[in-house]
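Working notes for the structure below.
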2 protein chains.
Amino acid sequence: MITQEQRVRIRRQLAEVGLRATPQRLLILAILEETDEHLDAEAIYERARQWDAQISLATVYRALAKLKEAGLVAQRYFARDHRREYYEAVSKGEHYHFTCLGCGKVIEVRTPRIAQARQELSEALGLEFTHACICFEGYCPECAAKRRRGTLESRAVPRFTVGNGVTIDD
Amino acid sequence: MITQEQRVRIRRQLAEVGLRATPQRLLILAILEETDEHLDAEAIYERARQWDAQISLATVYRALAKLKEAGLVAQRYFARDHRREYYEAVSKGEHYHFTCLGCGKVIEVRTPRIAQARQELSEALGLEFTHACICFEGYCPECAAKRRRGTLESRAVPRFTVGNGVTIDD
DNA sequence: CTGTAATTGCGAATCATTCGCATCTACGTG
DNA sequence: CACGTAGATGCGAATGATTCGCAATTACAG
Ligand SMILES: [Mn+2]
Ligand SMILES: [Mn+2]
Ligand SMILES: [Zn+2]
Ligand SMILES: [Zn+2]
């Protein structure tokens with residue numbers, strides 16, 4: 001499932017940021033780079049186990065912390081549950097997330113407004129931004145319609161699959 | 001400390017949103033409305049105890065959940081620790097937060113760009129926004145300067161006091 | 001090939017928040 | 001202004017994602 005050239009590329013990425021290329025880290029990074037979903041530690045652990053039956057959940061957590069610190073993966077929070085952390089490869093590019101409270105779908109969105117806000121606030125106040133945690137929530141078009149009609153089952157379990165991205169340009 | 005007219009006003013606010021006016025809720029709302037800080041459940045509990053020695057931490061949590069649901073208080077997350085929830089009265093108005101990773105100070109900022117992003121994304125995608133969790137982090141001017149000079153003690157404990165707000169207008 | 005600091009796996013610990021349950025109470029009704 | 005009841009409270013125990021301690025292993029610079 002993990003090609004040789006993928007392995008080589010990831011190995012190089014790790015070297016570039018000064019992280020030891022352990023098989024666990026290679027695996028975790030490969031998992032995150034080949035999916036379009038947003039995974040939490042548990043889900044990554046489940047997938048990793050299929051390749052390395054011995055890997056430990058604590059290792060997954062520690063690897064994610066290192067990869068995040070090194071800028072190779074991004075940690076995200078979705079909707080109301082900020083106790084559970086999700087991860088995705090930063091190679092997917094800068095974007096934000098909208099979570100549907102009806103069906104749990106996560107829609108990736110792109111807009112220059114956030115960067116613009118950072119820029120303006122930075123100039124006005126001398127602040128030095130390093131990070132912004134942005135998460136939107138509400139209802140996707142389908143669930144919004146159902147809700148207006150009163151056909152939305154009140155507490156759909158958030159499944160956090162990923163929807164189509166859209167770009168607002170400047 | 002809680003004036004008679006304050007009590008009456010809060011009682012009316014609760015009635016308007018259909019919540020029973022229990023003394024615990026009155027107290028918690030009064031505490032949140034008279035401070036400029038952002039308090040977590042524990043901090044609210046400590047302050048509330050000075051007026052009602054019997055109040056329970058669980059009640060503080062349940063009251064905050066109701067008050068939030070009713071739109072009287074807002075829940076916030078700051079910087080990296082999204083496991084701890086902070087609260088403030090919504091009567092303070094719409095604004096966002098920047099947390100300094102050096103000194104822990106929270107600076108309130110106002111910018112129309114977020115609402116603009118919501119508006120544009122809403123039109124482009126048919127999304128119905130109900131909420132946005134926005135938190136910025138980085139370094140305040142003082143800590144940024146220290147950091148460039150290498151004089152910033154690496155791990156200042158976040159204290160989450162509040163700094164001056166600033167408005168970027170449209 | 002070697003030495004060493006970094007990493008791993010395992011299980012136990014954390015700790016903010018939520019729950020269960022028996023007891024109260026706010027408040028609409030007659 | 002009692003009454004009845006849905007809704008609140010206080011207490012302590014449970015939850016559950018994440019973190020830690022420690023002994024054994026391993027990546028990799030020299
Ligand atoms: Mn994403
Ligand atoms: Mn604030
Ligand atoms: Zn939906
Ligand atoms: Zn600072």
Side-chain angles (χ1 to χ4, degrees), chain A residues 7-8 10-29 38-46 48-49 51-70 73 75-87 155 158 160, chain B residues 7-8 10-29 38-46 48-49 51-70 73 75-87 155 158 160:
Chain A
R7 195 183 305 278
V8 172
I10 292 178
R11 208 175 260 285
R12 185 166 42 241
Q13 289 181 52
L14 289 171
E16 276 168 13
V17 298
L19 288 185
R20 285 193 184 184
T22 68
Q24 294 87 344
R25 288 174 183 170
L26 286 229
L27 182 51
I28 290 168
L29 205 39
H38 302 90
L39 306 176
D40 62 13
E42 192 74 35
I44 293 168
Y45 174 58
E46 292 306 337
R49 263 211 296 191
W51 302 99
D52 173 357
Q54 309 310 320
I55 196 171
S56 131
L57 182 55
T59 296
V60 173
Y61 275 105
R62 284 184 290 224
L64 288 170
K66 285 290 191 186
L67 294 170
K68 171 182 156 193
E69 186 185 332
V73 309
Q75 182 201 107
R76 311 288 188 195
Y77 294 104
F78 294 129
R80 294 247 136 79
D81 186 7
H82 283 225
R83 292 230 213 104
R84 182 179 239 101
E85 305 175 344
Y86 291 84
Y87 294 86
R155 205 162 276 270
F160 298 120
Chain B
R7 196 183 304 280
V8 172
I10 293 179
R11 209 174 260 284
R12 183 165 44 239
Q13 288 182 53
L14 290 171
E16 275 169 13
V17 298
L19 288 185
R20 285 194 184 183
T22 68
Q24 294 86 345
R25 288 175 183 170
L26 286 231
L27 182 51
I28 290 168
L29 206 39
H38 301 90
L39 306 176
D40 62 11
E42 192 74 35
I44 293 168
Y45 174 57
E46 291 307 338
R49 262 215 293 195
W51 302 100
D52 173 358
Q54 308 311 319
I55 195 171
S56 133
L57 182 55
T59 295
V60 172
Y61 274 106
R62 285 183 290 225
L64 288 170
K66 285 291 190 187
L67 293 171
K68 171 182 156 191
E69 186 186 333
V73 309
Q75 181 202 107
R76 313 286 187 196
Y77 294 104
F78 294 129
R80 293 249 137 77
D81 186 8
H82 282 226
R83 294 231 213 102
R84 182 178 240 101
E85 305 175 345
Y86 291 83
Y87 295 85
R155 203 162 277 269
F160 298 120

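All chains are named by letter (A, B, ...) in the order of the sequence lines, taking the proteins before the strands, and each is independently numbered beginning at 1.
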Next item on the list: State which of dG10(D), dG9(C), dA26(C) makes the closest approach to the side chain of Gln24(B).
Entry: dG10(D)
Margin query: In this structure, how many angstroms lie between the C1' atom of dC11(D) and the CZ atom of Arg49(B), rounded?
Written below: 13 Å
Checklist line | Nearest-angstrom distance from the residue atom NZ of Lys66(A) to C1' of dT26(D) | finding: 15 Å
Next item on the list: Taking only the side-chain nitrogens and oxygens of Thr22(A), find out if one of them lies under 4.0 Å from OP1 or OP2 of dT8(C).
Entry: yes
Margin query: Quick check on DNA chain C: between Glu42(B) and Arg11(B), whose nearest nucleotide comes earlier from the 5' end?
Written below: Glu42(B)
Check: Which one, dT26(D), dG9(C), dA8(D), comes nearest to the side chain of Arg20(A)?
Finding: dT26(D)
Next item on the list: For side chain to side chain contact (heavy atoms under 4.5 Å, CB included), just list the numbers for Leu14(B) and Leu67(B), CA-CA rounded to whole Å, side-chain angles, deciding distance to a tenth of an Å, and then say yes or no.
Entry: CA-CA 9 Å; Leu14(B) 290 171; Leu67(B) 293 171; 3.7 Å; yes
Check: Just how far, in rounded Å, is C1' of dC24(C) from CD of Gln54(B)?
Finding: 13 Å
Notebook entry, point to check: CD1 of Ile28(B) versus C1' of dA8(D): gap in Å, rounded?
Noted result: 12 Å
Check: What is the distance from CD of Gln75(A) to C1' of dA17(D), rounded to the nearest Å?
Finding: 12 Å
Next item on the list: Please check the phosphate of dT17(C) (OP1 and OP2 only) for any side-chain N or O of Tyr61(B) closer than 4.0 Å.
Entry: yes
Check: To the nearest angstrom, how far is Asp40(A) atom CG from dT19(D) atom P?
Finding: 13 Å
Margin query: Using the ring centroid of each side chain, check whether Tyr86(B) and Tyr77(B) are separated by less than 6.0 Å.
Written below: no
Item checked: d(OH, Tyr77(B); C1', dT17(C)) in whole Å -> 11 Å
Check: When you measure from the side chain of Ile55(B), which nucleotide among dG10(D), dT18(D), dT8(C) comes out closest?
Finding: dG10(D)
Note to self: Please determine whether any donor N or O and acceptor N or O are separated by less than 3.5 Å between the side chain of Arg62(B) and the base of dG10(D).
What the structure shows: yes
Item checked: Heavy-atom side-chain proximity of Arg25(A) to Arg20(A) below 4.5 angstrom -> yes
Note to self: Centre-to-centre under 6.0 Å for His38(B) and Tyr87(B), is that the case here?
What the structure shows: no
Next item on the list: Between Ala58(B) and Leu19(B), name the one whose nearest nucleotide on DNA chain C is closer to the 5' end.
Entry: Ala58(B)
Margin query: Using the side-chain contact (heavy atoms from CB on, under 4.5 Å) definition, which of the options Val73(B), Leu19(B), Leu64(B) pairs with Leu29(B)?
Written below: Val73(B)
Margin query: Under 4.0 Å, heavy atoms only, any strand: does Ala21(A) hit a base, just the sugar-phosphate, or nothing?
Written below: sugar-phosphate
Check: Is the backbone N or O of Ile55(A) less than 3.5 Å from a side-chain atom of Arg49(A), with the two atoms forming a donor-acceptor pair by type?
Finding: no
Next item on the list: Would you indicate what Arg83(B) reaches in the nucleic acid, counting non-hydrogen atoms under 4.0 angstrom: base, sugar-phosphate, or nothing?
Entry: sugar-phosphate
Check: Distance check: side-chain N/O of Ser56(A) vs OP1/OP2 of dT8(C), anything under 4.0 Å?
Finding: no
Notebook entry, point to check: Under 4.0 angstrom, heavy atoms only, what part of the nucleic acid is Glu85(B) near: base, sugar-phosphate, or nothing?
Noted result: sugar-phosphate
Check: Of Pro23(A) and Leu57(A), whose closest DNA chain D nucleotide lies nearer the 5' terminus?
Finding: Leu57(A)
Check: According to a strict under-4.0 Å criterion, is Arg84(A) in side-chain N/O contact with OP1 or OP2 of dA17(D)?
Finding: yes
Note to self: Output the rounded distance in Å from CG (Asp81(B)) to C1' (dC15(C)).
What the structure shows: 11 Å
Next item on the list: Identify, between Arg25(B) and Tyr45(B), the residue whose nearest nucleotide on DNA chain D lies closer to the 5' end.
Entry: Arg25(B)
